[in-house]
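Presented below is the structure to which this report refers.
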Amino acid sequence: MPDTHPYQPAEIEPKWQSQWEADGLYNADIDPSRPKHYALTMLPYPSGDLHIGHWYAMAPSDARARYMRMKGFNVLFPMGFDSFGLPAENAAIKRGIHPKTWTYKNIENMRLQLRSMGAMFDWRHEAVSADPEYYHWTEWFFIQLFKHGLAYRKMSPVDFCPNCNTTLAREQVWGEDRHCERCDTPVIKKDLDQWFFKTTSYAAELLDYSSLDWPERVRTLQTNWIGRSEGAEVQFPVICDQSSVIGEDLLITDHRSLITVFTTRPDTLWGATFMVLSPEHPLVDQITTPDRKAEVETYKLQATRLSDIDREATDKEKTGVFTGGYARNPVNGKPIPIWIADYVLMTYGTGAIMAVPAHDERDFAFAIKYGLPIIPVIDRPDGISKSFVFPGSVSPSFTETLTAAGIQFSSQQVGALGVGLFVTLQRDQVDGFVALMRQHLQPNNWNEIVGGRWLFVFDDGVLELDGVESDQAILARCKAIYPPVSANRTVMEMVNTLPFYKDVLFHSEYGTMIHSGEMSGAPGDVAKQRIAAWLETKGIGKAATNYRLRDWLISRQRYWGAPIPMVNCPACGWQPVPEDQLPVLLPDDVEWKPTGESPLKLHPTWAKTTCPVCGGDATRETDTMDTFMCSSWYHLRYLSPKYARGPFDPQVYAYWMPVDTYTGGIEHATMHLIYTRFFHKACRDMGITTGSEPMIQLRNQGMVLGEDHEKMSKSRGNVVAPDILVKRYGADTVRAYLMFFARWDMGAPWNSSGIEGSARWVRRVWSLVTEPGPQGTPAPEMLKSLRRKLHQTLKRVTHDFENFEFNTIVSALMELLNDLYKAREQGATGTPEWAEALNVYLRMMAPVTPHIAEELWSFIGKPYSIHHQPWPMVNEAAAAEETITLVLQVNGKVRDRLVVPVGISEDDARQAALANETVQKHLEGRAPKKVIVVPGRLVNVVG
RNA sequence: GCCGGAGUGGCGGAAUUGGCAGACGCGCACGACUCAAAAUCGUGUACCCGGAAGGGUAUGAGGGUUCGAUUCCCUCCUUCGGCACCA
């Protein structure tokens with residue numbers, strides 16, 4: 001027996017790491033004789049220091065990859081760096097370090113830190129996105145997308161600092177007043193011509209997750225992000241001769257100025273009483289009348305100063321201004337005013353909406369605020385109407401009449417005016433009520449019925465609120481009768497002042513169409529489809545599907561990114577750089593102004609080039625690509641990072657792709673994971689890749705919070721540094737603790753004393769194996785139960801590895817260790833059962849704590865390497881229990897437990913329970929009414 | 001506001017998906033070893049009543065379904081994420 005010595009991770013960990021490296025133990029090469037497994041963890045950004053969050057993401061993923069390896073898979077588990085991006089430029093501006101220098105120094109450091117983890121990365125597959133050999137192909141992909149019509153240019157606003165003369169990211173804009181982080185200048189929006197990828201062409205396909213094993217949560221997030229909605233596009237002609245609006249007869253419409261709106265509710269078209277355009281809408285200037293110009297311009301400016309977040313905030317009161325222009329509602333020819341408001345976004349739909357205030361909550365609030373007409377066009381499904389009977393407006397016998405008619409109402413004192421009646425009507429009571437009202441209404445009064453029906457009863461007849469004209473007619477009569485309502489601009493504004501009516505004035509449900517001309521009466525379940533078809537036959541619209549998803553903005557006005565390989569020729573327009581001239585290299589000789597203006601723009605010669613088509617003078621694109629472009633295909637570069645004839649070696653691709661298991665944070669659920677799926681599908685359609693999805697199985701880890709339960713950040717000073725932990729406890733302990741301390745998909749706050757438990761576990765395994773146990777003759781029963789526990793644990797650990805339940809893997813191993821210690825005390829060390837236990841135990845540990853497992857494997861005299869060993873097989877017979885604990889309940893409460901043979905019959909279990917003294921005691925002499933036997937678990941006696 | 005997750009001892013968490021609540025670990029208490037401390041080992045540790053045997057109460061709150069609910073249903077509260085004037 002070798003000398004026993006204390007556990008020293010600082011010695012054994014580096015030793016095995018270099019051994020594995022030297023032997024190429026984790027080399028992942030094509031091997032058609034073995035099933036492949038491509039395990040991928042999200043590409044880290046080389047910020048300089050490896051964070052505990054990186055460990056939390058990578059160490060359990062590594063353990064899972066190692067488990068798959070032991071299961072017989074040929075596993076590729078690569079690592080690389082997402083090395084373009086803003087922080088490198090910030091370092092350049094603040095500290096005068098070149099982004100390249102800063103980035104590659106960080107990478108060097110992080111490689112060392114990553115090695116200390118003892119992960120099975122095959123570094124021969126490393127890919128670094130800022131290497132020219134890498135971004136060569138990022139550029140190449142751009143050109144392919146361009147050639148296939150999936151890349152295009154359009155104007156798009158950015159946050160811009162006019163003082164620094166530079167575009168700002170959202171994180172560079174600070175404070176309520178939205179000022180520049182460097183110079184405090186208020187930020188403005190600047191419209192720039194920029195490159196986009198047509199992600200929206202794939203919107204429908206991106207909603208299909210049928211071939212994916214992805215968490216429901218992520219699929220929901222993506223589905224909402226893509227945001228499919230069905231409805232119709234409708235064209236509203238702009239009325240260009242403003243003076244004729246008043247004249248009414250000679251309305252001339254200009255069909256060159258059609259405003260297209262997207263609506264999910266074409267069935268409400270007859271209720272569209274105004275339109276709202278986004279302040280950025282291209283027709284705004286044309287529509288705006290001279291007298292409204294100043295106000296509109298002010299509002300537009302104000303809207304551009306707001307962030308999207310501010311514009312989209314719901315707690316803010318809606319604002320807008322009238323443009324002075326009118327459009328014609330195409331279904332009824334009525335002129336409707338055109339407004340602009342910041343709640344309409346140019347990036348969604350067509351940037352213009354038809355407003356139906358009677359059936360859209362936002363539009364209702366907007367119309368009430370600005371006095372715009374509100375006309376109900378969809379019947380209330382519940383049919384409820386309400387009527388307030390003004391004090392003194394009816395003859396005194398009216399209440400008895402109502403009671404006799406079975407109509408529900410309450411009488412209440414209304415201020416000093418007297419007693420009013422608050423009537424609630426069912427659908428079939430309205431006509432009867434109107435008839436009664438006509439008999440009882442006193443001269444020079446009116447009564448309104450609102451909700452299910454919209455009727456105004458006057459001395460001489462009944463008016464219905466069915467359009468803009470009747471709105472004004474009714475209002476005029478009411479004002480004449482009761483001057484206090486004179487300030488109201490619409491009928492709805494007038495009735496909205498009465499709280500009693502609040503719940504019946506507006507609804508957004510589907511229902512039978514009313515007040516809708518020839519379409520009135522169309523039932524709610526078919527109205528939408530019927531109108532969409534009708535619009536098409538009339539040539540004023542069509543059924544349409546709209547997505548919330550936007551095209552992907554690729555352009556960044558930055559230096560440290562992959563150049564966009566495009567050349568602008570005055571004669572030939574935008575042309576791609578010929579593929580044999582790639583990569584377009586980033587110039588190293590760049591200088592920063594303290595303002596952060598992109599040095600590519602300032603470079604004296606870089607942008608000057610010739611047109612690949614005509615050979616004339618031309619200019620390079622000086623914008624670079626979004627780094628999400630680099631991370632959309634890194635899993636492909638990993639396959640063959642040195643390959644020079646294409647982005648990847650097709651043979652290697654054919655073996656490894658798709659990614660079998662992808663692990664990473666939930667924060668990438670929408671952006672990165674949608675971009676990479678889009679990228680893969682586009683590449684498939686261009687004949688570059690095969691299959692429809694790049695990553696088959698996705699699993700997310702949660703977040704490690706600081707000990708104060710807050711998000712870790714340098715400013716809070718709650719950051720946990722893995723290097724210190726590795727130094728103090730060893731990588732194995734850190735790995736084990738990260739797997740143990742929380743459910744992986746949930747994450748949890750860090751607990752610096754909790755890690756002691758994992759450290760103790762690792763040390764106890766060390767002692768168990770290396771220190772001799774007492775001699776003795778262990779009871780055969782004890783050895784049998786040790787073996788049972790071993791195989792039960794193996795079963796649990798196997799199950800938990802399959803399901804990414806890492807915390808219970810470690811706790812199961814801890815439990816078994818406790819039993820092993822007890823067995824050792826009883827002299828089990830010399831037995832075959834003991835040998836088997838150690839053999840299996842170390843193999844179960846190997847994915848979790850690879851170094852100590854290797855060291856102890858060699859200690860017990862097994863051949864190098866444990867990481868070449870197969871995953872142990874569960875012996876079901878050995879794992880089987882002989883007895884169970886039968887729980888005895890009386891009326892659902894546990895009263896006793898019996899140890900019985902595992903195969904006990906239902907009858908025997910019932911008999912045993914009924915014969916039990918404690919059960920009898922708790923029955924207190926009652927006869928059992930019912931006995932429930934759950935085989936193998938419990939007997940519940942109900943009595 | 002909408003969508004989704006979570007809420008279990010002093011703390012992190014477990015519970016084969018309707019069947020023994022609190023595995024495992026941290027912490028704490030007591031004990032052993034030690035001159036002492038650390039480390040290590042052992043014992044105990046949800047709460048209440050009780051000397052004990054035992055009994056009662058407990059999985060955010062309240063209701064429901066069920067022989068039986070941490071698990072399913074309804075209402076509400078707290079909290080964490082994501083999305084959001086989406087027409």
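Labels below follow one simple rule: chain letters A, B, ... track the order of the sequence lines, proteins then strands, and each chain is numbered from 1.
Taking the six-membered ring for Trp and thresholds of 30 and 60 degrees, A:H672 and A:H668 have ring planes more than 60 degrees apart, a perpendicular arrangement. The aromatic rings of A:W744 and A:Y56 sit tilted, their planes meeting at an angle between 30° and 60°.
No salt bridge links A:K822 with A:E825; every basic N to acidic carboxylate O contact stays at or beyond 4.0 Å. The existence of a salt bridge linking A:E815 and A:K789 is confirmed by a sub-4.0 Å separation between a basic side-chain nitrogen and an acidic carboxylate oxygen.
Taking side-chain N and O atoms only, A:R228 has no distance below 4.0 Å to OP1 or OP2 of B:C86. Checking the phosphate oxygens (OP1, OP2) of B:A87, no side-chain nitrogen or oxygen of A:H359 falls inside 4.0 Å. A:R937 has no side-chain polar atom (N or O) that falls below the 4.0 Å cut-off from OP1 or OP2 of B:G18.
With rounding to whole Å, A:E361 atom CD is found 13 Å from B:A87 atom C1'. Look at CG on A:N751: it is 14 Å from C1' on B:C28, rounded to the nearest Å. With rounding to whole Å, A:M746 atom CE is found 8 Å from B:A14 atom P. Between A:F740 atom CZ and B:C24 atom P the separation is 10 Å, expressed in whole Å. The interatomic distance linking A:L817 (CG) with B:C24 (P) rounds to 12 Å, in whole Å.
Of the candidates B:A21, B:A87, B:G12, B:A21 carries the atom nearest the A:V894 side chain, counting heavy atoms from C-beta on. The side chain of A:S753 has B:G27 as its nearest neighbour among B:U40, B:G55, B:G27. Checking B:G4, B:U40, B:C67 against the side-chain heavy atoms of A:R217 singles out B:G4 as nearest. For A:R763, the side-chain atoms get nearest to B:U40 when compared with the rest of B:C3, B:U40, B:G19. Side-chain proximity of A:N940 to the nucleotides B:C3, B:A23, B:G19 is greatest for B:G19. Closest approach to the A:T220 side chain among B:A23, B:C26, B:C3 is made by B:C3 (side chain taken as heavy atoms from C-beta onward). Among B:G25, B:C20, B:C86, the nucleotide with an atom closest to any side-chain atom of A:L345 is B:C86.
Residue contacts shown for A:V942 are limited to sugar-phosphate atoms, with no base heavy atom under 4.0 Å away. Using a 4.0 Å heavy-atom distance criterion, A:R796 is classed as making no nucleic acid contact. Counting non-hydrogen atoms under 4.0 angstrom, A:N818 reaches the backbone sugars and phosphates but no base. Across all strands shown, A:L938 has heavy atoms under 4.0 Å from base atoms, whether or not it also approaches the sugar-phosphate. Nucleic acid contact for A:R764: sugar-phosphate only, since backbone atoms but no base atoms lie under 4.0 Å from a heavy atom of the residue. Among the heavy atoms of the strands, none lies under 4.0 Å from A:G227. Among the heavy atoms of the strands, none lies under 4.0 Å from A:H668. Here A:W225 lies in heavy-atom contact (under 4.0 Å) with sugar-phosphate atoms only. Looking at heavy-atom distances under 4.0 Å, A:E216 makes no contact with the nucleic acid at all. Residue A:K893 is in sugar-phosphate contact alone, with no base atom involved, counting any heavy-atom pair closer than 4.0 Å across all strands shown. Nucleic acid contact class of A:Y348 (heavy atoms, under 4.0 Å, all strands): base.
Residues satisfying the side chain to side chain contact (heavy atoms under 4.5 Å, CB included) criterion with A:D503, sequence neighbours excluded, are A:K386.
Listed in residue order, the members of residues 895-903 of chain A having a heavy atom less than 4.0 Å from RNA chain B are A:R895, A:R897.
Here the closest heavy-atom approach between residue A:I374 and residue A:I368 is recorded as CD1-CD1, 3.8 Å.
Remark: the separation of the P atoms in B:G63 and B:G68 is 16 Å, to the nearest Å.
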Could you walk me through whether A:R265 and A:D360 satisfy the salt bridge (Lys or Arg N to Asp or Glu O under 4.0 Å) test, starting with their C-alpha distance in whole Å, then the side-chain angles of each, then the deciding distance to 0.1 Å, before giving a yes or no? CA-CA 10 Å; A:R265 293 298 301 271; A:D360 180 289; over 6 Å; no

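A glycosidic torsion no more than 90° from 0 defines the syn conformation, and B:G9 adopts it.
Taken to the nearest 0.5 Å, the CD1 atom of A:I287 stands 14.5 Å off from the CH2 atom of A:W339.
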